[in-house]
Asker: 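Below: one structure in C-alpha cells.
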Amino acid sequence: MFRLALVAAALAGCTLDWDAVSQAGHALPPLTTSSTGDEATTSGEDASTGTSTDASTTDAGTTTSGPVTLGGSGSASDSDTGTSGDDTKAVPVEVEVVINSPSPMVDVGEVQVSVWTSRPVASIDVFDNDAPLVLGAAPINPVHVFEVTSDDVPGDGTHTIRAVAHAADGVSGQDAEQLVIDVQPGGTDVWPPYVKPGPINGFTSAAIRGNGIDVAGYFETNDGLEAVAVRIDGTKGQPEGEPIHLGPVAVIGGGRGPTIAVTGDDAAFVAWTLPDSGSTRWALTEIHFGEPQGPTRIGTLGTSVNAMTAVDDVLILVGADEVSPGTHDLKAWWISATDAEIVHERTFAAPSDEDKFNSWDEVARGVAVVDDEVVVVGERQIPDTEQALVRRTVVLQHLLEGTPLSEWTSPGELLEEDAGMAVAPLRAGGFVVVGWARDKGSIRQVMTRWFSAESELTSFRIEPTPGNDASGLAVGEDREGKLIIAGTLQQPKTDANAWIFALPGPVGAPAWQVIRNGPGQGPDEAASLAIDTWGYTYIAGSEFDALQPRAFALRLYP
C-alpha cells in the first residue's frame, strides 16, 4: 500500500569527507581497531588457517555497534591495493555509518546515509534492518537517501541502518547506526487549528504558495457578505498581515466560491460571484498580500464562478451562465493573467434536439490541470428511464488552450443521482473526481471515481453514511498515493460537521479521518484543501459558532 521513495546513488570516486565530519563533532574511528572481523587472507591461502588482524571474528551479516572489518581475498601489493606487502594478509576496511537525521526523527523529510571507509572501496550496500535500501552503490556522499513521508513510511520505531563496504580486492567491512523514527500519525494537527471568531466567517478555497497557503473566503457585514483573501503562515498557522477585502459576494461555500489560484511567487488571483441587479456576474482580481487590492475584472450579467486554476499566465474560471431563473449552461473562461482579457470561453449544454427549450441545468464545480489537459467537472440534468430529470456528474476535457476533447456523463451506476464537485490529477496518470451520489429524494453519500490516463473510468467507491447526508467538496493525492477528501458529514441530522479522510485506493477502509464539530448547532464544512510537496494537508473551511459561522484552517500530518 505504501512505497519507500528511493534516490539512486550516482557514480563518483570518493568517500565521505571525514575531516568535515570530524570538525562537525563526529568521532573518528580508530585506524587500529579492536572491533571484530573475519580473517583477511590472500587468495592463495586457506581461510581456515589464516590469522585475523582483529582479536575475534564475526559473521558478515551480524549487526555491530562500531566499525567492523570483514575478510576477503586479495593479491600481493602495497597498501594502496589492499594488501600488507608480505603477500599473506589483506589490509582491512574499516567502516563508519553517518546518518544526517536526528534520532528520534519526529518530522517527515530526507534521511541521508553517508559512509566513511579507511581506504578506497568499490561499492557499498545499505540495509534498513534486514531489508536492502541500495545494493552496489558507488562510494559517494551520501551513499543513499530515503524519505520519511509519514508514520507509515518507512514506519515508526527503531531502524538499524547498516552499511557493508566492498573493496576491489575482495575485502569487506561493515558498520551500523540506529535511527528512531517517531513522526505523528496521519490526520493529526501539525499546529493548533486556526480559529478566530470574526472578522472572517468562512474559508472556501486554498492554494499552496511557498511555506503556507493563500486562502479565499467571506465575512459578514451590515451590508451583506463580502469576499476576502488572507495569507496563512505554514509554520505557525496564523494569518500574515491583514485580510484583503474584495467586494460583495452572492454565494458562498465549498463548490460555490470564492476561489483562489496562485500564479507566481508573490501573486494570487481571487474569483467570486458578485450580486448585480437581481442576478450575478463573476469577478476576478489580482492580489499581492501586504499591498492594496488591484482592479477587478467583471463578467457579463448572469455569469457565476465556482472554481479556478492557472496554467502559466492563463487563468481558467469555471461556473455557469444563467439562461432562466434556476437554469444554467455550464461555462468555462480562459483569461489572460496579464491583462485580464478573455482568451477563450466554452459553453456546455444539452443539444437542442434533446433539450428543445434549454431548460436542463448544467453547472461546473471544479477544474484541474491534468498533464497537458484541462479537466472540468460538475453536474448536469438529464432524463432518467422514466423521463424524470436527475442530476449526473459531467466530466469535460480540453487542451490547455481551450479546444474541447471529450465529454463524459455518469450513467448512474449505483444510485440515481450524482454530481462531481472536485477533480485532481494522479501522479501515476489520470485523475480522480469526488462529489456526492444519492437515490432521488434520499440523503447524499460521498462518491469517488478514478479515471485512467486514457480518460477511461476504472473504478469508483461510495462511502456509506446511512442516515447522515455527506458530500465530498475537495480532493488531492498525497505523496504516498493516498487520496485526501474534504467535505461535510451530517452527524446527527441537526448538525453538519466538517469531514476529512484519507483513502488508500478504490478499496480498503480509510487510513485516517478527522471530524470537526463546531461549538454551535449549525453547518460546518471542510470546503477546500491543498497538499504540499511533503504530503502535509492544509484544510480550509467554516464552522458554526453560537450565532454565526467562523473560519478555520488546519494543517495535518500525512
Side-chain angles (χ1 to χ4, degrees), residues 194 200-219 225-234 239-274 282-291 293-297 299 304-319 332-333 335 337 340 364-369 374 376 421-424 473-476 486 525-532 537-542 551-555:
Y194 167 75
I200 303 173
N201 297 109
F203 292 137
T204 54
S205 180
I208 291 287
R209 182 169 63 83
N211 180 30
I213 52 173
D214 295 348
V215 184
Y218 62 93
F219 70 98
L225 297 174
E226 185 170 329
V228 65
V230 66
R231 168 74 179 169
I232 295 183
D233 172 76
E240 296 179 359
E242 295 298 320
I244 298 177
H245 295 199
L246 301 173
V249 60
V251 292
I252 58 174
R256 297 175 295 278
T259 180
I260 194 166
V262 171
T263 58
D265 293 337
D266 62 349
F269 283 82
V270 176
W272 70 99
T273 302
L274 182 75
W282 59 252
L284 174 69
T285 187
E286 181 178 1
I287 57 173
H288 296 261
F289 290 101
E291 300 180 14
Q293 177 192 347
T296 298
R297 173 80 159 87
S304 58
V305 59
N306 294 325
M308 175 173 56
T309 190
V311 181
D312 298 326
D313 60 350
V314 175
L315 303 163
I316 299 113
L317 280 64
V318 301
W333 299 266
I335 300 176
R365 297 294 184 184
V367 60
V369 176
V374 175
V376 180
M421 301 297 289
V423 57
L473 301 176
V475 64
E525 69 174 16
S528 182
L529 65 79
I531 302 176
D532 67 16
T537 300
Y538 294 78
I539 304 292
S542 64
F552 74 81
L554 311 174
R555 188 186 185 199

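Quick note: residue numbers are just sequence positions, from 1. Values below: every heavy atom of this structure, side chains too, minus hydrogens, waters and symmetry copies.
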Asker: Does the side chain of Ile539 come within less than 4.5 Å of Thr537's, by heavy atoms?
Answerer: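 Answer yes - side chains close enough.
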
Asker: Any heavy-atom pair between the side chains of Leu284 and Thr296 that's under 4.5 Å?
Answerer: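 Thr296 vs Leu284: side chains apart.
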
Asker: Quick check: does any side chain N or O of Arg256 sit under 3.5 Å from a backbone N or O of Val251, one acting as donor and the other as acceptor?
Answerer: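 Pair absent, no side-chain N/O of Arg256 close to backbone of Val251.
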
Asker: Answer whether the closest heavy-atom distance between the side chains of Val215 and Ile260 falls below 4.5 Å.
Answerer: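 Counting from C-beta outward, Val215 and Ile260 never come under 4.5 Å.
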
Asker: For salt bridge (charged side-chain N to carboxylate O under 4.0 Å, His left out), just list the numbers for Arg555 and Asp532, CA-CA rounded to whole Å, side-chain angles, deciding distance to a tenth of an Å, and then say yes or no.
Answerer: CA-CA 10 Å; Arg555 188 186 185 199; Asp532 67 16; 3.4 Å; yes

Asker: So, does Glu525 use its side chain to make a donor-acceptor pair with the main chain of Gly254 at under 3.5 Å?
Answerer: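 Looks like yes, one N/O pair under 3.5 Å.
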
Asker: Given the rule in the side chain to side chain contact (heavy atoms under 4.5 Å, CB included) test, do Ile531 and Ile208 qualify, once you have shown the distances and angles that lead to the verdict?
Answerer: CA-CA 7 Å; Ile531 302 176; Ile208 291 287; over 6 Å; no

Asker: Within the distance-only criterion (no hydrogens, no angle test), does the side chain of Thr259 pair as donor or acceptor with the backbone N or O of Ser205 below 3.5 angstrom?
Answerer: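 Here the side-chain-to-backbone pair does not exist.
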
Asker: Are Phe203 and Tyr218 side-chain neighbours, meaning at least one heavy-atom pair lies under 4.5 Å?
Answerer: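 They are not in contact (no side-chain heavy atoms under 4.5 Å apart), so the answer is no.
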
Asker: Decide yes or no for Trp272 and Asn306: does some side-chain heavy atom of the first lie under 4.5 Å from some side-chain heavy atom of the second?
Answerer: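 A side-chain contact is absent here, since even the closest heavy-atom pair is not under 4.5 Å.
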
Asker: With a 4.5 Å cut-off on side-chain heavy atoms, are Asp313 and Thr263 touching?
Answerer: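 Answer no - side chains too far apart.
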
Asker: Judged by atom type as modelled, is there a donor-acceptor pair below 3.5 Å linking the side chain of Thr309 to the main-chain atoms of Ala368?
Answerer: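 No, Thr309 side chain to Ala368 backbone: no donor-acceptor pair under 3.5 Å.
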
Asker: Is Leu246 close to Glu226 at the side-chain level, that is, under 4.5 Å between some pair of heavy atoms?
Answerer: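 Sidechains of Leu246 and Glu226: no contact.
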
Asker: Say whether, by atom type as modelled, one donor and one acceptor occur between the side chain of Arg231 and the main chain of Arg209 under 3.5 angstrom.
Answerer: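 The answer is yes, because a donor-acceptor pair under 3.5 Å joins these two groups.
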
Asker: For atom CD of Glu242, is the number of surrounding heavy atoms from other residues, nucleotides or ligands below 6.0 Å larger than 12?
Answerer: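 Atom CD in Glu242 is not crowded, with 12 or fewer foreign heavy atoms closer than 6.0 Å.
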
